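None of the values given here were measured: they were computed from a predicted structure. Both counts, for ligands and for their atoms, begin at 1 and track the order of listing.
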Amino acid sequence: MPLAFDKLHPTFAAEVGPIDLRAVHDADTLAEIRAGMDEFAVLVFRDQRFTDDEQLAFAQRLDGELHRRTGAAALGKSRLGDEALADISNLDERGLVQQASDRRRTYSLGNRLWHTDASFQDPPGRYSMLSARVLPPVSADTEFADTRTAYDTLPDEMKERLEGLRAHHSIAHSRQTLGFEFSEAESEKLKGAIHPVVRTLPRSGRRSLYVASHASRIIDWPVPEGRLLLLDLIEHATRPELVYRHAWRAGDFVIWDNRATMHRARPFDDTKYRRELRRVTTLDIPAPELATAAR
Ligand SMILES: [Fe+2]
């Protein structure tokens, strides 16, 4: 049975069903999901009861190699024991809700800034896949912004100005904006990476703005001018009409394309309520066999 894609926003994001992703192994269905990602950039699947291993396996079936060098890895060993499985929770190593002063909590608060996953690495993250396991009784939403439409709606003069520009992305930069400092040893592991400000998505040919809070400066530009340009672009890309806000339900599984969106977590009373999600992110490296399969 072909999948139904129901739009959640005028320019991107769709809910997909009916499907149990744990059971999806056939090339045609995987290709259909990839084609949906090309069109919508954010896909929401309801009632997906993944175990950690099933989530890791599905991510590899869909999009290839997993990213294991996300920022938290520099802070110490993951509570979950696998660096490919990002612990998007407010729990400490004992499984209790983190205290307000917990260093990992302060670090995680950076997810409330608009960002793209692992853009401070090379290769960066391509698809992120977030599985909602335990949710608080209050809203704790995630917002997504459509950076393809953001690019399309720039004035021509700005598009010309951005041509060929590159930005340096650093998690030390985005965390410093909230007052979080890495130690020297941690900083050694997090040197940052340089990426084009405008990306062209290989399968769809569409262009997107690739900036957000990790972007620290424009290469070959004075720092203040570069930061002001980045702030203008982020402001343009996150206008309310370009934002889809996802209200989580337990069992939700959301896949987004980090090359075509930016996202941020919205605040809730995180020292009171438990919130536990798991994220797997794939490496943004060419995957010719996957690209062919999606056509
Ligand atoms: Fe994120």
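A salt bridge between Arg249 and Glu15 is absent, with no side-chain N of the basic residue lying under 4.0 Å from a carboxylate O of the acidic one.
Among residues two or more places apart in sequence or in another chain, the salt bridge (Lys or Arg N to Asp or Glu O under 4.0 Å) test is passed with Asp252 by Arg46. Residues passing the side-chain hydrogen bond (donor to acceptor under 3.5 Å, both in side chains) test with Glu143, sequence neighbours excluded: Arg245, Arg264. In this structure Tyr244 satisfies the side-chain hydrogen bond (donor to acceptor under 3.5 Å, both in side chains) test together with His246, sequence neighbours excluded.
In summary, the aromatic rings of Phe120 and His173 are positioned with their centroids too far apart to meet the 6.0 Å limit. The distance between the ring centers of Phe40 and Phe5 falls below 6.0 angstrom.
Distances under 2.8 Å from the Fe ion (ligand 1) pick out the protein N/O/S atoms His115 NE2, Asp117 OD1, His263 NE2.
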